Structures are given as structure tokens and as C-alpha cells.
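Note that this is a predicted model, so its numbers are computed, not measured. Lettering of chains follows the sequences in order, A, B, ..., and the numbering in each one begins at 1.
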Protein chains: 2
Amino acid sequence: MGSDNRCENCIIRQFNSLRAMSKEELKQVSDSKTTKTIKKGEAIFEEGEKLNGVFCVRDGVSKLSKLSSNGKDQIVKLATKGEVMGQRSVIAEETSNLSAVAVNDMELCFIPKEIIVNTLHKNPDFAFEVLRLMAHDLKEADDVIVNISQKTVKQRIAEAFLYLKANYGEDADGYLILTLSREDIANVVGTATESCIRIISEFKKKGLLKSSGKKLGILDEKTLRELAEGF
Amino acid sequence: MGSDNRCENCIIRQFNSLRAMSKEELKQVSDSKTTKTIKKGEAIFEEGEKLNGVFCVRDGVSKLSKLSSNGKDQIVKLATKGEVMGQRSVIAEETSNLSAVAVNDMELCFIPKEIIVNTLHKNPDFAFEVLRLMAHDLKEADDVIVNISQKTVKQRIAEAFLYLKANYGEDADGYLILTLSREDIANVVGTATESCIRIISEFKKKGLLKSSGKKLGILDEKTLRELAEGF
DNA sequence: AAATATATATGATAATTGTCACCTTTTCGA
DNA sequence: TCGAAAAGGTGACAATTATCATATATATTT
């Protein structure tokens, strides 16, 4: 086993709560973790499933979604490199309220819940760090609630593109690095796929977005931002 | 000072994270806390305000809301007896993302943040308890997102009444104990006040709700539930 | 009790968004 | 590489919801 496979040496750790763990604790985690490769479109866990641990994203992006009673998926969060999925369910000792599906090819570490829970009870710094991250998630969730209920679909789609650029960046040609299908974007903003496609087409016609194959790029960020703010 | 004014003896404590505090810690909290009386309609804190502590609700109900760019208030959560407000901001060391306004007359205890943060760092049981409650809030926020984006206004209003009955109960005559204005209900479900009034009128005509003065009561819970589920 | 403000109510209308039908393009497996 | 399946796209229309105007009822103040 190469040393790059050890949590102690994992750079990803710098971005999540594991950075508050002691050398000893990290060693324990590393010894009991398993690494998984997940292909685009595959499920990591399903809504209602009992999670026996958490998943640390080493590479790729996962969509965390919840099925509504009308049969549509609502994407609640996108989890990226460095983020830990499943913490909420493990801490609350509940089955998962969300499903996780890979948006692109992923590499994950699975960490058994016993280690997480034990460390939470023994290491207050770790607990505080997890708390801080969960506080952040909660704030983001509040923002999503306000956006969905008070902004129009057009505003939310504009905002989604700004979010994708800000969080995942764009390539040398100005195309967004994270490519989501129209259906996924619709499920993020909470609208019908057709409505989403229509508005993206409109944005392209107006010169706000460009596309090449499946890739989409932002041409006019200023106008997009004004749109999102409601002007 | 009467002993009923001491956190150690406060029954409310049983319902929140403070139950995980030691005798010593509680004594500290009690010595530094201040009690406040807030009248209906008054603000406890505002969005953007820096909070120097948390508020423990001893009596009454507060609405936690966020102003959207279009000028409307979205109520994100109702905080009741036993709940602690402002934890998120104190933990994340950020200004509050929400405003808190009293829905009815309230009694609160204000606990300085230093004590909370210190205890979080020293007492893992307390940290874990806060974590558990925040995990629960996060799940509820996810549910709200899905409901708002996937259900119709009518479904959400039906759901709101079921929620009010389940969480606050009804009096001897079958009227809901927590009376919210139509505007508040509209701000909970994320719709225009007029739309909310219209749908409540419709529910009354259909015999699902009854009203007497400002009070509203549920007459046909079964149909209301079916409506909320989308039948 | 009168005057004023606030909350509730309702109609008319416009704007937004969803649904269904159908078509084209792209992707991917056999 | 062919053909099926999936994704993207668009029109027509229906349903939902917001907005504006205005009326009435209820609460609050003086």
C-alpha cells in the first residue's frame, strides 16, 4: 500500500473535518477505511438506506437528492472533492434522507461510523469542526429555501450557472468544468426539464451562454448576475 | 433569586442540548444568563446582526425568517419552547443569516456565546448533542426544500395546518393553539398572502377548516392529509 | 365611540410554469 | 457501424400562481 493511500498524507483531508483529528485517530481511520471507485451515474447510497459510515469524496462530484411524492428528484446539494457525505445520518442515527449518485467518475473513501462516532465523543476539536461544517450546510439550505420560494425559475437558473462557475470553474475555452445535464440542472433549481431547456435556449439566443457539445459556458456574467438578482 | 430561575432546575433544559451539560457548566450558564421578556411582534435579533450569545426559548414561539431580494420574508423555521436560537451563527462565527421575531409573547434566556463555545470545546457530550440537533434541523431544511419546489401551494398550505396541529396541538374546541396570520402562513409556505387567503377560504368552504375570530381549526384532517400528499 | 390602521376577502387579469406531443441530435451498446 | 435509447429542443396549451384593485371586517388608538 503506497503512502499516498494513507489518510495522514491525504491532501483532501485539509478541506474537511478530518483535519481536526489527531495523528493517532487518523491512523485508525486509515486502517479501517476502504477506497471505492464509482462510475458516473452509479448510486453511492439510496434514500432510506442505513449508512454504516461516511463517504469522503477524493475525486468527482456527487448529487445528493431526495425523491418527492410526485416522483421527481430534487437535488439538495452537490458534494465535491473534500466533502464528507452521510455525516448527518450517522450522527442522527437515522437512515439517510438523501440519495447520492455520481455526476461523474468518482473516488471515495468509506469510513466506518464507529470510528467517526467514537472520535466525536473523544475529540472535542473534531466535534466542533464537524459542527462548523454542518452549520455552514444549514445556512446554505436556508438560502436554497428562500431562493426557491421567492425567485423565478429564470432567476434560479441564472444563479445556478453562476454557482457552477464560482465553485467548479471554467476551462481554457471558457466552458464550465462541471457539466450537468439539463435534467440535473432542472432538479437543482426545482423546475420541469422542458422549462429548464427552454430558458437555457433563451440564454443562448441572448448571448448569455454558449455551448459546444455537452459543454456550456458563460458569455455574459454581468447580465446573468443582474438577472439572478431580479433586474 | 428563586431557584426556579436557575438553569439547573429549568424543565425546558430537558428538551435541548443543555441537558448534556454538567452540573458545574449549568451553574456557570445560570450565573451569566439574562432573562428577557419579548412582546408579540417584537424582534429578538435581525438578519446580519452579530450575535453575542444564544437564546433559549422558555415560552412562546418565534419565527425565524430571511428577507429575499424581492422584499418578501420567507419563514424558515418556527422556534418553540425548549429550542435554542442563534446556535448556528455563534458556532460558525458569522452574523445571523436569519431574523427572529416573536409570534406571541415570549420569555427567553440569553446565554453569552463564550460559555457555549467553551463548553463545546471541553464537553464532547454537549458538542455531540448540539450536533445531533443541528443534524435534525438540516434534515428538516432538506424536507422544506423538496416540499417547496415540488408541491403546489395548496398542498403546502394543507401540510402547514397539519404541522401546526401536530406540533402545537388544538384547544378543547378544536382550534389550533398557535394562531398565525394569513401573511405568516403565506411566508411559511412561500406564496403570496392573497393566494394563501384564497386557499384558506376554499378549505373553509369545503369543510376542511373552521374559523372563529382569528382562530382556525381543522375539521377534516383525513382529506387535508390526502390533499397534502397530492390526491 | 369615532377615527384610523391592519387583516381578511374576493374579483379580474396577467405572468409564470407545467404538461403533452412530437421532433432532432447525440450517445452508446450490441 | 448500425440501431436503439437517451438527451436536447420546440410548439401549443392548460394549470397554477402573482398582482392589482377594491371591499369588508376586525383591531387599535385617541
Side-chain angles (χ1 to χ4, degrees), chain A residues 39-42 63 68-74 101 103-105 147-158 160 176 179-206 209-217 227-228 230, chain B residues 39-42 63 68-74 101 103-105 147-158 160 176 179-206 209-217 227-228 230:
Chain A
K39 285 206 205 83
K40 176 179 172 174
E42 283 182 1
K63 53 182 178 184
S68 78
S69 48
N70 70 13
K72 284 197 182 168
D73 246 359
Q74 173 68 36
V101 172
V103 170
N104 43 35
D105 291 352
N147 274 338
I148 288 196
S149 81
Q150 308 284 8
K151 291 193 172 179
T152 65
V153 171
K154 201 176 287 187
Q155 289 179 294
R156 283 179 270 148
I157 291 180
L176 293 169
T179 299
L180 294 178
S181 69
R182 311 298 150 106
E183 191 182 1
D184 280 344
I185 297 174
N187 291 344
V188 166
V189 303
T191 189
T193 307
E194 295 95 323
S195 300
C196 181
I197 289 174
R198 225 181 288 275
I199 289 171
I200 290 177
S201 297
E202 188 193 322
F203 285 176
K204 284 198 287 187
K205 276 183 200 126
K206 286 188 180 162
L209 298 177
K210 62 179 174 178
S211 67
S212 162
K214 294 198 78 79
K215 288 198 158 297
L216 284 164
L227 249 174
Chain B
K39 286 205 205 84
K40 175 177 172 175
E42 283 181 1
K63 52 182 178 184
S68 77
S69 48
N70 69 14
K72 285 197 180 167
D73 245 1
Q74 173 68 36
V101 172
V103 171
N104 43 36
D105 291 351
N147 274 337
I148 289 197
S149 82
Q150 308 284 7
K151 291 193 172 180
T152 65
V153 171
K154 201 177 287 186
Q155 288 179 295
R156 283 179 270 150
I157 291 181
L176 292 170
T179 299
L180 293 179
S181 69
R182 311 298 149 105
E183 191 182 359
D184 279 344
I185 298 174
N187 290 346
V188 166
V189 305
T191 188
T193 308
E194 296 97 320
S195 300
C196 180
I197 289 173
R198 224 180 286 275
I199 288 171
I200 290 177
S201 298
E202 187 193 323
F203 284 176
K204 284 199 287 188
K205 278 185 198 125
K206 285 187 179 163
L209 298 177
K210 62 180 173 179
S211 67
S212 162
K214 293 196 77 80
K215 288 196 157 297
L216 284 163
L227 249 172

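Remark: P of dG18(C) and CD of E183(A) are 14 Å apart, rounded to the nearest angstrom. Between I197(A) atom CD1 and dA7(D) atom P there is a gap of 10 Å when expressed in whole angstrom units. Following rounding to the nearest Å, K204(A) (NZ) and dG9(D) (P) show an atom-to-atom distance of 4 Å.
Residue K72(A) places at least one side-chain N or O under 4.0 Å from the OP1 or OP2 atom of dT19(C). S195(B) has a side-chain polar atom (N or O) that falls below the 4.0 Å cut-off from OP1 or OP2 of dA18(D).
Residues K214(A) and R198(B) each lie close to DNA chain D; by heavy-atom proximity, the contact nearer the 5' end of the strand is made by K214(A). Along DNA chain D, the nucleotide nearest G190(B) and the nucleotide nearest K40(B) are compared for position; the residue whose nucleotide lies closer to the 5' end is G190(B).
Although no hydrogens or angles enter the test, the distance criterion places a donor-acceptor pair under 3.5 Å between the side chain of R156(B) and the main chain of K151(B). The backbone N or O of V188(A) lies less than 3.5 Å from a partner atom in the side chain of Q74(A), making a donor-acceptor pair. Listed for the S212(A) side chain is no donor-acceptor partner under 3.5 Å among the backbone atoms of K215(A).
Taking the side chain of E194(B) as heavy atoms from C-beta on, and the options dA12(D), dG8(D), dT10(C), the nearest nucleotide is dT10(C). Relative to the side chain of S201(B), the nucleotides dG11(C), dT17(C), dA9(C) differ in distance, and dA9(C) lies closest.
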